[in-house]
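Counting begins at 1 with the first residue of the sequence.
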Amino acid sequence: MKSKSLLLFFILLCSLTVPLLGTQSKAPDNGTIYRVSKQLCWGCIGESLEFLFTHNLVRATKWEPLLFWDFRLQKYARWWATQRQADCKLQHSFPEGDFKLGENIYWGSGSTWRPSDAVRAWSEEEKYYDYTTNSCREGQMCGHYTQIVWKNTRRIGCARVVCDSGDVFMTCNYDPPGNYIGERPY
């Protein structure tokens, strides 16, 4: 993966520094190259696969169909994660009760938290979910877990950012959304 990333960076660098035939353009300065390279998401493909794989492992335990990666949902998740990058605030992207997508959010202290850590934290809420009563144990949360295994959800898109504080914010969006009152997740 590292060699492919380096190759991509080399191609990008060459495309920025080699003038087109017949033009007299000046090579970009180091500041421009740095700004462009900083905007590239070198780990996005690996992180996307990690989010998708770990979600599907959880769903498999309930014999639910696999989720598929949706680049529009990823773009939305990336937009929201970027909005939270400055403050790392654990806040949903929509006003309470006005959701159009399912959404799980995660915050971790320090920069080493991975997508599998977020999915593990959400899926560990299973112990608080009672299928018989279709409710969470009093005083506990289980909606992150039930969204992951929601029977009608088919698509997912997620993003991870390291915030300005050095902590991590992650968000996943689901379509169709789950967690409808009175309905069971599976």
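Every pair passing disulfide bond (SG atoms under 2.5 Å apart) that includes a residue from residues 107-142 is listed here, sequence neighbours excluded: Cys136-Cys142.
The aromatic rings of Tyr131 and Tyr186 sit parallel to each other, their planes meeting at less than 30°, with 60° as the upper class boundary.
A distance of 8.5 Å separates CD1 in Ile156 from CD in Gln147, rounded to the nearest 0.5 Å. Here the CG atom belonging to Asn56 is positioned 8.5 Å from the CZ atom belonging to Phe68, to the nearest 0.5 angstrom. Rounded to the nearest 0.5 Å, atoms SG (Cys158) and CG (Asn173) are 7.5 Å apart. Here the CG-CD distance, from Asp130 to Glu138, works out to 13.0 Å after rounding to the nearest 0.5 Å. The line from NZ of Lys100 to OG of Ser93 is 11.0 Å long, rounded to the nearest 0.5 Å. Summarising the geometry, atom OG belonging to Ser123 is positioned 8.5 Å from atom OH belonging to Tyr145; distances are rounded to the nearest 0.5 Å.
A side-chain donor-acceptor contact under 3.5 Å links Glu125 to the backbone of His144. Side-chain N or O atoms of Thr171 include none that pairs as donor or acceptor with a backbone N or O of Ala81 at under 3.5 Å.
Minimum interatomic distance between Glu183 and Trp150 (heavy atoms only, all atoms of both residues): O-CH2, 3.5 Å. Heavy-atom minimum distance, Gly102 versus Pro177: N-CB, 3.2 Å. Contact between Ser116 and Thr54 at its shortest, heavy atoms only, is CB-CG2, 3.7 Å. Shown here for Trp107 and Ser109, the closest heavy-atom pair between the two residues is CH2-CB, 3.7 Å.
Salt-bridge formation is detected for the pair Asp117/Arg120: a Lys NZ or Arg NE/NH1/NH2 atom is positioned less than 4.0 Å from an Asp or Glu carboxylate oxygen. Look at Lys151 and Glu64 and you find no salt bridge, because none of the NZ, NE, NH1 or NH2 atoms lies under 4.0 Å from a carboxylate O. Between Arg160 and Glu50 there is no salt bridge, since no side-chain N of the basic residue sits under 4.0 Å from a carboxylate O of the acidic one.
Pro65 is listed as a side-chain neighbour of Arg154, based on a closest heavy-atom distance under 4.5 Å. Looking only at side-chain heavy atoms (C-beta outward), Phe51 and Met170 come within less than 4.5 Å of each other. Contact of the Gln91 side chain with the Trp80 side chain is registered, since non-hydrogen atoms from C-beta on lie closer than 4.5 Å. For the pair Asp175/Asp70, no side-chain contact is recorded, criterion being any heavy-atom separation below 4.5 Å from C-beta on. Within the 4.5 Å cutoff, the side chain of Asp167 has no heavy atoms near those of the Val162 side chain. Within the 4.5 Å cutoff, side-chain heavy atoms of Tyr106 are placed close to those of Trp122. In this structure the side chain of Asn134 reaches within 4.5 angstrom of the side chain of Tyr129, judged on heavy atoms. Between Ile105 and His92 the shortest side-chain heavy-atom distance falls below 4.5 Å.
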Exercise for review: Quick one: do Phe169 and Gln85 satisfy side chain to side chain contact (heavy atoms under 4.5 Å, CB included)? Show the steps, please.
Suggested key: CA-CA 7 Å; Phe169 179 86; Gln85 195 165 11; over 6 Å; no
Check your understanding: Between Glu126 and Val58, is a side chain to side chain contact (heavy atoms under 4.5 Å, CB included) present by the stated rule, with each step listed?
Key -> CA-CA 10 Å; Glu126 178 183 14; Val58 176; over 6 Å; no
Exercise for review: Report the C-alpha distance between Thr146 and Asn179 in whole Å, list the side-chain angles of each, state the deciding distance to 0.1 Å, and finish with yes or no for side chain to side chain donor-acceptor pair (under 3.5 Å).
Suggested key: CA-CA 7 Å; Thr146 55; Asn179 289 340; 2.4 Å; yes
Exercise for review: Please lay out, stage by stage, how Arg59 and Leu67 fare under the test side chain to side chain contact (heavy atoms under 4.5 Å, CB included).
Suggested key: CA-CA 8 Å; Arg59 289 177 66 83; Leu67 294 173; 3.4 Å; yes
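By the criterion of side-chain heavy atoms lying less than 4.5 angstrom apart, applied directly or through intervening Ile, Leu, Val, Met, Phe, Trp or Tyr residues, Phe53 is not grouped with Leu66; the two fall into different hydrophobic clusters. Linking Ile, Leu, Val, Met, Phe, Trp and Tyr residues whenever their side-chain heavy atoms come within less than 4.5 Å leaves Leu49 and Leu57 in two separate clusters. One hydrophobic cluster, built from ILVMFWY side chains closer than 4.5 Å, holds both Trp113 and Ile148.
The number of heavy-atom neighbours closer than 6.0 Å to OH of Tyr180, taken from other residues, nucleotides and ligands shown, is above 12. Counting non-hydrogen atoms of neighbouring residues, nucleotides and ligands closer than 6.0 angstrom, the CZ atom of Arg72 reaches no more than 12 such neighbours.
Residues passing the side chain to side chain donor-acceptor pair (under 3.5 Å) test with Trp69 are Gln74, sequence neighbours excluded.
For His55 and Tyr174, the gap between ring centers is short of 6.0 Å.
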